[in-house]
Amino acid sequence: MAKQFVRFQYKHKIDWGLVTDEKILPLQTGDKTTKDLLVDLQKKRIKLNTKSKKTLRKEDVVILSPITAPCQIICQGANYHKHTLESGLNPKSKTYNLFFTKSDVALTTAIGDVIRPNHVELLDYEIELGIVFGKTIDSSLDINSYNPNDYIAALFIANDISARDIQLPQLQWYKGKSYRTFLPAGPILSVLEPDDYPLIGSLELNLTVNGKIRQSAKSNQMVYPPKESIAELSQFARIQVGDVLLTGTPSGCALKAPGKLKQIFASFLPEHKKWEVFIKGQKQRSQYLQPSDEIKATIRTSDGKLDLGEQILLVKQG
């Protein structure tokens with residue numbers, strides 16, 4: 001069964017802890033990086049004394065991001081069929097796996113605030129299953145022979161917060177998705193055991209805004225599942241332990257592409273005018289995040305055998 005770890009602050013000190021019986025067992029490792037924690041666990045340098053009475057209550061600590069910088073954050077776009085449609089892409093013509101990157105400056109806690117920059121109006125949410133690599137990839141992997149379980153060390157909840165009015169009109173995916181607090185991660189770093197890997201495809205992703213469901217899907221609905229994606233990624237990227245892959249978001253985002261007739265009409269407009277019309281139309285959608293909105297997100301199997309915890313976020317104005 002997967003082991004649940006959290007990175008936390010208690011009395012001005014940062015440590016890692018094992019979550020057991022709703023309490024936290026401090027590992028007393030200090031503020032290690034995600035990479036160093038995974039390496040130490042792999043080499044059995046950390047002893048997990050689950051019988052220890054030196055535990056902490058969750059409410060007495062400040063939960064931090066279990067993904068630490070510096071790290072490489074690689075993302076997949078339009079990796080769920082319905083999200084491809086709402087993004088304005090044709091699933092029949094999108095015959096490629098869309099990869100992009102996100103800055104690690106965006107990393108923030110899963111229990112806390114998302115800050116909307118002053119110049120951003122179209123703030124969107126994207127629940128995603130995050131994969132943490134536990135083994136270096138420095139050569140191409142053969143999809144027919146390699147085992148992805150050798151490379152996937154842990155899972156976590158990610159929210160790929162996006163400023164659509166920067167990402168799309170400016171063609172700035174990296175900037176539009178990388179402002180500070182734009183990647184709430186965790187709260188749990190779920191380090192997998194051999195029996196857990198078959199459960200990855202059974203995970204259920206759910207996100208609500210102010211108590212109303214916005215996104216709901218199963219991870220087996222990905223167009224390009226992890227095995228295929230990691231093999232392709234190995235062809236053009238060097239992966240280090242602790243790097244992460246965000247595997248795409250399901251449908252239900254605030255963003256919704258204009259209909260085909262509007263897109264045809266917009267194609268005759270000058271570029272700047274086209275995007276003015278786009279932004280004006282998107283501003284009419286009430287789904288975009290506003291200050292004081294509360295976002296909750298969970299990823300777990302229906303039987304709870306694999307549970308990545310719950311994100312609870314409050315949107316604040318920058």
Side-chain angles (χ1 to χ4, degrees), residues 1-73 104 107-111 129-138 147-158 183-200 203 226 230 239-245 299-301 304-311:
M1 188 173 182
K3 290 183 173 60
Q4 296 185 325
F5 294 92
V6 291
R7 182 169 160 265
F8 66 91
Q9 181 174 317
Y10 179 70
K11 292 184 177 180
H12 307 293
K13 292 185 179 180
I14 296 176
D15 195 5
W16 286 87
L18 174 69
V19 179
T20 174
D21 297 327
E22 293 303 311
K23 292 186 177 181
I24 299 172
L25 173 65
L27 301 183
Q28 298 182 332
T29 61
D31 189 15
K32 283 183 177 291
T33 64
T34 309
K35 173 183 178 179
D36 288 343
L37 177 76
L38 292 174
V39 169
D40 284 353
L41 288 171
Q42 291 168 2
K43 295 186 176 182
K44 302 185 186 302
R45 294 172 180 163
I46 297 176
K47 294 182 180 180
L48 305 177
N49 183 11
T50 56
K51 295 181 180 180
S52 174
K53 295 182 180 180
K54 297 179 180 180
T55 59
L56 298 171
R57 298 186 306 169
K58 290 181 181 179
E59 54 265 34
D60 292 335
V61 306
V62 176
I63 299 296
L64 305 174
S65 168
I67 308 302
T68 60
C71 72
Q72 185 176 196
I73 300 169
D104 60 12
L107 284 166
T108 191
T109 176
I111 313 293
L129 174 63
I131 288 174
V132 188
F133 291 99
K135 185 177 180 180
T136 297
I137 303 176
D138 53 14
N147 185 352
N149 302 351
D150 293 337
Y151 297 90
I152 301 173
L155 305 175
F156 67 100
I157 302 174
L183 181 47
I188 300 294
L189 181 72
S190 188
V191 178
L192 304 179
E193 299 288 341
D195 292 344
D196 298 314
Y197 290 97
L199 301 176
I200 294 177
L203 288 165
I230 293 171
I239 303 299
Q240 303 272 16
V241 177
D243 288 345
V244 302
L245 174 66
I299 299 181
R300 56 174 66 106
T301 56
K305 287 185 177 179
L306 191 53
D307 189 340
L308 309 187
E310 181 181 36
Q311 290 194 354

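Because only heavy atoms are used, hydrogens play no part in the values below, and waters and symmetry mates are left out as well, while side chains stay in. Just so you know, residue 1 is the first one in the sequence shown, and it goes up from there.
- Annotation: side chain of Leu155 is not in contact with side chain of Val132 (no heavy-atom distance under 4.5 Å).
- Take Thr109 and apply the side-chain hydrogen bond (donor to acceptor under 3.5 Å, both in side chains) test, not counting sequence neighbours, and it matches no residue.
- With sequence neighbours excluded, the residues satisfying side chain to side chain contact (heavy atoms under 4.5 Å, CB included) with Asp36 are Lys32, Thr33.
- Of all heavy-atom pairs between Pro187 and Ala110, the closest is N-CB, 3.4 Å.
- Remark: Asp15 engages Thr29 in a side-chain hydrogen bond (donor to acceptor under 3.5 Å, both in side chains) (not counting sequence neighbours).
- Applying the salt bridge (charged side-chain N to carboxylate O under 4.0 Å, His left out) test to Asp31 and every residue at least two apart in sequence or in another chain returns Arg7.
- In this structure, Glu310 and Ile157 have side chains that are not in contact, with every pair of non-hydrogen atoms separated by 4.5 Å or more.
- Contacts of Asp21 classified as side chain to side chain contact (heavy atoms under 4.5 Å, CB included), with partners at least two apart in sequence or in another chain: none.
- Minimum heavy-atom separation, Leu25 to Lys54: CD1-O, 3.8 Å.
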Evaluation steps, side chain to side chain contact (heavy atoms under 4.5 Å, CB included), between Leu189 and Val6: CA-CA 6 Å; Leu189 181 72; Val6 291; over 6 Å; no

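- Of all the heavy atoms in Thr136 and Tyr151, the pair that sits closest is O-CE2, 3.8 Å.
- The shortest heavy-atom contact between Ile188 and Phe156 is O-CB, 3.5 Å.
- Across all non-hydrogen atoms, the minimal contact from Pro70 to Asp104 is CA-OD2, 3.1 Å.
- In this view, Lys305 satisfies the salt bridge (charged side-chain N to carboxylate O under 4.0 Å, His left out) rule with no residue, not counting sequence neighbours.
- Considering CG of Leu64 and CZ of Phe8, their distance stands at 9.0 Å, rounded to 0.5 Å.
- Listed by chain and number, the residues in a side-chain hydrogen bond (donor to acceptor under 3.5 Å, both in side chains) with Ser190 amount to none (sequence neighbours excluded).
- Considering only heavy atoms from C-beta on, Leu48 comes within 4.5 Å of Phe5 through its side chain.
- Scanning for side-chain hydrogen bond (donor to acceptor under 3.5 Å, both in side chains) contacts around Thr68 gives Thr34, with sequence neighbours left out.
- Between Ile24 and Asp60, the closest side-chain pair of non-hydrogen atoms is not below 4.5 Å.
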Verdict with reasoning, Leu192 to Leu306, per side chain to side chain contact (heavy atoms under 4.5 Å, CB included): CA-CA 9 Å; Leu192 304 179; Leu306 191 53; 4.0 Å; yes

Full working for side chain to side chain contact (heavy atoms under 4.5 Å, CB included) between Ile239 and Ile230: CA-CA 10 Å; Ile239 303 299; Ile230 293 171; over 6 Å; no

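- Contacts of Lys13 classified as side chain to side chain contact (heavy atoms under 4.5 Å, CB included), with partners at least two apart in sequence or in another chain: none.
- Minimum interatomic distance between Pro198 and Pro194 (heavy atoms only, all atoms of both residues): CD-O, 3.9 Å.
- In this view, Glu59 and Arg57 satisfy the side chain to side chain contact (heavy atoms under 4.5 Å, CB included) rule, not counting sequence neighbours.
- With sequence neighbours left out, the salt bridge (charged side-chain N to carboxylate O under 4.0 Å, His left out) criterion links Asp196 to no other residue.
- Remark: Lys35 engages no residue in a salt bridge (charged side-chain N to carboxylate O under 4.0 Å, His left out) (not counting sequence neighbours).
- Under the 4.5 Å side-chain criterion, counting only non-hydrogen atoms from C-beta, Leu37 is in contact with Ile46.
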